[in-house]
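Each remark here refers to the structure printed beneath this line.
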Amino acid sequence: MKLDQFPESVRPHLIPTPGGNLVYHCLACQTEYDIASLLYTCPNCGAVLLINDRDKDRLKAVSGETWQQILDYRRMLKIPALKGIYRYHEFIGPVLPLESVVYLGEGHTPVVEANPVLQKSVGMRFFYKNDGQNPSASFKDRGMASALSYIRFLIQRGVVDEVLSVCASTGDTSAAAALYAAYLAPHIKSAVLLPHQKVTPQQLSQPLGSGATVFEIPGVFDDCMKVVESLSDTYNVALLNSKNAWRILGQESFSYEIAQDFDYTMADKVVVVPIGNAGNITAVMNGFLKFFEVGIIDTLPKIIGVQSEHANPVYQYYSQPQENRTFVPMTVKPSVAQAAMIGNPVSMPRVIHLVDRYTEVAGTPKVFFVQVTEQAIMDWQLTANRNGHIACTHGGESLAGLVSALEKRYVRSDETAIVDSTAHALKFSGFQDMYFQNTFPEAFGVHPDPDLVNRPLYVHPPRTQSGSAARKTT
Ligand SMILES: *Cc1c(COP(=O)(O)O)cnc(C)c1O
Ligand SMILES: [Zn+2]
């Protein structure tokens, strides 16, 4: 469809132009900073930042209903910059001209309804949102598309020339960072820091394949994070962890897509996400709040944040009585939800801030936290995939979390859930192998359910060459 064929009411808004007034906002001391330079923490007090739009009124000047039409009609455009997360340009990166947008095919991931068998065993209607179908096979691409589009904007304006990007990672951040940085060659060189043997071989192959410099250090993610934090404090590097508030903006697209895919009806919806460094749940809450404030949705959906018992600092925080909660970082134990194996989440202050806001705006508690066992994560992942899904272990964690939220009555069986499978099953197939071959190290505490175990059957038809050479194995 050509521009002049769209309804007149949406035509002026259809192709976004740069606007808005973005500032970094410190959640602790409330100071605001110009976005002209890359900031990760407050220069005044050291707390984490979020990016705010001081000119929200221009968004509210358009009615919620018109916004719905604008976003729906934008779906029909053939402009690459508007095919990914920047369909929501005004809410993600309004200051960017479309020529700065990096689009590698991220966003608009499928929402797949669970089959009747699986819905029956879980006990309610639900959909998986397959964020493993992003370019580097995890949701991290959403945030990278945003962060790297902003860096490209700075390059195009001559503010920066040669950029060294760095990140610490449980695997998927580095895969996404290396991919998007590689696209901006030769302006960006990327270095990633991984905990040795704590990322899967598939995840390790990704930054290597994209040409990043890969450093491995002993320890866990939290150790890597300390190193890159000190690097980004001392040197002029672009930090691509979710501490970078531009990442959060891009990841808000997950909420915008859910709103749009369910026709902006959020009243009976429940969104389930796993929590690691807590950037994702931060973005999901912020995204729904922004759409609500502008009137694009008229109800906030429930949000369930899920953690493994082996890495559950956020769950533990919210298990304490509300009056005197204190956050205590923890030492993590091995988890199949390995990308979420984080004991000291960088975004914890953002979570605390946004849960309070979400509750205040909703007028009732709508964000809940549950913990699940390693066993439940594996069992639900395998069960989901035996019913036609491609959930990763974190997708299993989310589903186990939904079951737990139903038991705890945070969720009713007549509601509809959207369950985040944050990465593709293939990235974490090693854990499936351990389950099928019963080789889980004791520390995981996972024991295979024989009904879920599957193995290849070796057959040797007599007339095939390999068949005649093969020996009987059973
Ligand atoms: C990063 C990641 C998570 C955790 O997300 P946070 O934003 O760190 O809370 C969960 N699942 C997968 C597959 C991830 O890559
Ligand atoms: Zn501050």
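Whatever order the structure lists ligands and atoms in, that order sets their numbers, starting from 1. Bear in mind that the values here come from a model prediction, so they are computed numbers and not experimental data. If you read the sequence from its start, that first residue is 1, and numbering goes on from there. No hydrogens, no waters, no symmetry mates; every other heavy atom, side chains included, goes into these values.
By the criterion of a separation under 2.8 Å, the protein N/O/S atoms near the Zn ion (ligand 2) amount to C26 SG, C29 SG, C42 SG, C45 SG.
Salt bridge R125/E113: present, at least one basic N to carboxylate O contact under 4.0 Å. At a threshold of 4.0 Å, the pair D53-K290 does not count as salt-bridged, since none of the basic side-chain nitrogens sits closer than that to a carboxylate oxygen.
Using the six-membered ring where Trp is involved, F127 and F262 have ring planes that are perpendicular, over 60° apart on the 30 and 60° scheme.
Looking at E374 and S308, their side chains do bring a donor and an acceptor atom within 3.5 Å of each other. Checked by atom type, the side-chain pair Q381/Q432 shows no donor-acceptor distance below 3.5 Å. A donor atom on one side chain and an acceptor atom on the other are not found under 3.5 Å apart for D449 and Y435. A side-chain N or O of Y88 and one of Q260 form a donor-acceptor pair less than 3.5 Å apart.
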Ligand 1 polar-atom proximity to protein (N/O, under 3.5 Å):
from: ligand 1; atom 1: 7 (O); to: G279; atom 2: N; distance (Å): 3.2
from: ligand 1; atom 1: 7 (O); to: N280; atom 2: N; distance (Å): 2.7
from: ligand 1; atom 1: 8 (O); to: N277; atom 2: N; distance (Å): 2.7
from: ligand 1; atom 1: 9 (O); to: G276; atom 2: N; distance (Å): 2.8
from: ligand 1; atom 1: 9 (O); to: N277; atom 2: N; distance (Å): 3.2
from: ligand 1; atom 1: 9 (O); to: A278; atom 2: N; distance (Å): 2.8
from: ligand 1; atom 1: 11 (N); to: T422; atom 2: OG1; distance (Å): 2.7
from: ligand 1; atom 1: 15 (O); to: K140; atom 2: NZ; distance (Å): 2.6
from: ligand 1; atom 1: 15 (O); to: D172; atom 2: OD2; distance (Å): 2.6

Is there a side-chain hydrogen bond (donor to acceptor under 3.5 Å, both in side chains) between T109 and D131? Walk through the geometry before answering. CA-CA 6 Å; T109 51; D131 255 27; 2.6 Å; yes

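A ring-centre distance under 6.0 Å is not found for Y86 and Y103.
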